[in-house]
Amino acid sequence: MSNIVIVGTQWGDEGKGKVVDLLAEHADMVVRFQGGNNAGHTMVVEGEQFISHLVPSGILQGKTCFIGNGLVVDPAVLLEEIDYLSSKGVDLSPDKLKISEKAHLIMPYHQAIDHARERMKGDKKIGTTGRGIGPCYEDKATRRGVRFVELLSQAVFREKVATILEEKNFYLKHYMDAETLDLEPILAEYSGYAERLAPYVANVSVVLSDGMQAGGQVLFEGAQGTHLDIDHGTYPYVTSSSTVAGNACSGSGVGPGKITDIIGIVKAYTTRVGEGPFPSELFDDVGDAIQQKGVEFGATTGRKRRCGWLDTVILENAARLNSLSGLAITKLDVLGGLDEVKICTAYDYEGQRLEHFPTDLNVLAACKPIYESHPGWAEDISGIREFEALPENARKYLERIQELAETPIQIVSVGPGRDETIVLDNPYTD
Ligand code: IMP
């Protein structure tokens, strides 16, 4: 039996959705364990594109999907997504989707604060997705959060929100110079959500445990990436949740002894949306060409993603922080047609060679990438399904990544479609 965690190794947008969709075929349960609708997972099945922000990508494979306790959930977005996917013929009945009663709710004041705070920060802004993610996690930590279990009890919900809103309005008005919010419309709106979502709310830990006991396999679907992790990322230019594999357990209510494999998703180059240092960022025509060929726009905000060469300093960091057992390389096809492809294998900080990702952002911002150059390949590789059939230079590039990361490559994606994939070693079946 295999229970596999999928995490992003870079700054998110590595193509996790596609790999989760692919591996979910062999899983029985798919669970998201952190983040919220700041994530955007794009999947292409038989030429049709699906984007989900909250519902785990495994839903397209007809698996039972779970929104774990580690998430912050905007109920309006979740319902929109349920309606959108249902309209496309995807089964989203309460049998297929379970929401943890401990997951926190994003409230209108969280979004208001997220926007007002970014505005106040000016050029020091984080570049958040504006979805209220940070303020919601903030309330969770200060024990002023509202969970699904409270949403389902109208009296408790009213009392909690009334108390919290008083404080939020004071803060919005007097500190942020922003509009305040009225209680009654919020209560009315959320009571509608409670009615529709109640059938989906469950004790996810128990349902997952029962499922595993009955022989079911689990896929844990990470969102964002290791370098956006609240502890290990480029703080403060990070998201507000723990994105590393360790949180798959705490964010879903499953003990660590159940995990068998951890796969790190590595885009064949690097991208980042939002602010924050990015040592191998490209500011030239090659960066533009990758951005365009890779259609590098944020799935949630539509912002252009910053593009750069693959950086194995961050890959080494991710391999260690997540104890990766395998890698899935995505978007290798995007690099086709370039004369050379580069890998940043270390940083030069004021003449000193750094092999490990530095914590101090001032150091990181001053780091210059040290590159290895590899010859590129001209061929279109999207039709290739066997590793051996790849152009020699593409194979060498992959072998070098594997060597630098000290982790075996299990999957290589050569196009957006589910079938455009080379599977070297399927962790569920091998
Ligand atoms: P927040 O998660 O909206 O608070 O945004 C914090 C930072 O994380 C910003 O730089 C966002 O662009 C980034 N971020 C959040 N979610 C994603 C994602 O799914 N992919 C890439 N970047 C993300």
Side-chain angles (χ1 to χ4, degrees), residues 6-20 32-43 51-57 70-74 77 81 104 106-107 109-121 123-141 221-244 247 251 264-267 269-278 281 291 294-308 314 318 330-331 361 364-365:
I6 303 263
V7 288
T9 58
Q10 294 154 318
W11 279 287
D13 309 315
E14 296 92 352
K16 294 177 291 294
K18 169 178 163 166
V19 178
V20 170
R32 261 196 67 187
F33 53 89
Q34 46 73 224
N37 63 311
N38 46 352
H41 290 171
T42 308
M43 297 146 284
I51 295 179
S52 75
H53 299 283
L54 278 167
V55 174
S57 313
L71 272 84
V72 290
V73 179
D74 183 328
V77 173
E81 211 160 282
H104 279 246
I106 295 184
M107 303 294 295
Y109 44 81
H110 293 135
Q111 287 154 347
I113 291 171
D114 200 355
H115 285 134
R117 192 175 282 155
E118 286 282 275
R119 196 192 61 228
M120 284 175 81
K121 281 191 168 157
D123 62 5
K124 295 236 169 14
K125 71 177 193 293
I126 306 288
T128 71
T129 57
R131 304 295 194 262
I133 307 293
C136 186
Y137 276 115
E138 207 173 300
D139 278 357
K140 174 177 177 175
E221 174 178 348
Q224 289 87 42
T226 299
H227 295 83
L228 287 172
D229 182 272
I230 184 79
D231 287 282
H232 302 291
T234 44
Y235 191 89
Y237 297 99
V238 292
T239 192
S240 306
S241 62
S242 174
T243 60
V244 293
N247 190 37
I265 313 297
V266 184
K267 186 143 60 180
Y269 46 94
T270 311
T271 62
R272 176 164 201 170
V273 280
E275 310 303 314
F278 175 0
E281 184 168 7
Q291 194 273 327
V295 200
E296 293 295 351
F297 291 96
T300 299
T301 58
R303 286 179 288 181
K304 248 189 190 184
R305 293 177 186 146
R306 300 153 64 192
C307 295
I314 72 169
T330 60
K331 294 190 126 174
L361 279 203
L364 186 61

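In each ligand, atom 1 is the first atom listed, and ligand 1 is the first ligand listed.
The protein non-hydrogen atom at the shortest distance from atom 9 (C) of ligand 1 is Gly127 O, 3.2 Å. Distance from atom 10 (O) of ligand 1 to its nearest protein heavy atom, with residue and atom name: Val273 O, 3.4 Å. Atom 13 (C) of ligand 1 has Leu228 CD1, 3.9 Å as its closest protein atom, hydrogens excluded (heavy atom only). Ranking the protein heavy atoms by distance from atom 17 (C) of ligand 1 puts Gln224 CG, 3.5 Å first. The protein heavy-atom contact nearest to atom 5 (O) of ligand 1 is Thr128 CA, 3.3 Å. Given atom 2 (O) of ligand 1, the protein heavy atom at minimum distance is Thr239 OG1, 2.6 Å. The protein atom (non-hydrogen) at minimum distance from atom 6 (C) of ligand 1 is Val238 O, 3.3 Å. For atom 12 (O) of ligand 1, the closest heavy atom belonging to the protein is Arg303 NH2, 3.1 Å.
Put simply, no part of Ala223 is less than 4.0 Å from ligand 1, judged by heavy atoms. Taking a 4.0 Å cut-off on heavy atoms, Trp11 registers as neighbouring ligand 1. Residue contacts with ligand 1 leave out Thr301, since none of its heavy atoms falls under 4.0 Å from the ligand.
In this structure, a donor-acceptor pair under 3.5 Å is present between the side chains of Arg272 and Thr234. With no hydrogens or angles considered, no side-chain donor-acceptor pair links Gln34 and Ser242 at under 3.5 Å. Between the side chains of Gln111 and Asp74, at least one donor N or O sits under 3.5 Å from an acceptor N or O. One side chain, Asp139 or His110, offers a donor N or O that lies under 3.5 Å from an acceptor on the other. Side-chain atoms of Thr129 and Arg131 include no donor-acceptor pair closer than 3.5 Å.
Taking only nitrogen or oxygen atoms, main chain and side chain alike, Asn38 reaches within less than 3.5 Å of ligand 1. The shortest N or O to N or O distance between Asp13 and ligand 1 is below 3.5 Å. For ligand 1, the polar-atom distance check finds an N/O of Thr129 within less than 3.5 Å of one of the ligand's N/O atoms.
Taking OG1 from Thr128 and CZ from Arg117, the interatomic distance works out to 9.5 Å, rounded to the nearest 0.5 Å. Between atom NE2 of residue His104 and atom NZ of residue Lys140 there is a gap of 5.0 Å, rounded to the nearest 0.5 Å.
The heavy-atom pair separating Ser240 from Tyr137 by the smallest distance is CB-CD1, 3.6 Å.
In summary, Lys121 and Glu275 do not engage in a salt bridge, as defined by a charged side-chain N under 4.0 Å from a carboxylate O.
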